[in-house]
Amino acid sequence: MRIGSYNQVAQVYGKQSVNKSYGSSVNGATSTRDRVSFSTVGKDMQIAKTALSSVPDVREDKVNALKESIANGTYQVSAECFADKLMAAFDEKFL
């Protein structure tokens with residue numbers, strides 16, 4: 001690897017210090033203790049992920065109300081709204 005490439009990589013990651021504490025045990029061997037920390041963005045993402053996992057993918061109350069109105073024959077579609085959405089989809093696809 002070229003030294004210039006190493007310097008470029010070091011610039012991308014910045015100067016980061018590694019916190020290690022060295023101690024001696026009873027039999028004279030050294031032990032290393034590393035420390036891990038998470039950024040606030042990572043913590044916020046974990047909180048959001050947890051909150052989203054508790055929300056259902058489908059809103060059952062809306063689906064059941066629509067199914068019931070279709071089964072009863074009371075569900076009505078506005079022809080004007082349908083035509084507007086159809087033309088918007090056509091414009092999006094072909095224009």
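Every value quoted in this text rests on a predicted model; they were computed, and no experiment measured them. Basis for what follows: all heavy atoms, side chains included, without hydrogens, waters or symmetry-related copies.
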Distance-only check: which donor-acceptor pairs under 3.5 Å involve side-chain atoms of residues 42-50, not counting sequence neighbours?
unit_1	atom_1	unit_2	atom_2	d
T50	OG1	Q46	O	2.9

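- Between atom NZ of residue K62 and atom NZ of residue K67 there is a gap of 15.5 Å, rounded to the nearest 0.5 Å.
- Side-chain contact between S39 and V41 is present, with heavy atoms from C-beta onward closer than 4.5 Å.
- Applying the ring-ring contact (aromatic ring centres under 6.0 Å, His included) rule to pairs touching residues 69-90 yields F90-F94, sequence neighbours excluded.
- Heavy-atom contacts from other residues, nucleotides or ligands closer than 6.0 Å to CD of E60 number more than 12.
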- Can you check side chain to side chain contact (heavy atoms under 4.5 Å, CB included) on E68 and N72, steps first, answer last? CA-CA 6 Å; E68 187 176 324; N72 294 338; 3.7 Å; yes
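- Distance alone, capped at 3.5 Å, is enough to place a donor-acceptor pair between the T74 side chain and the S69 backbone.
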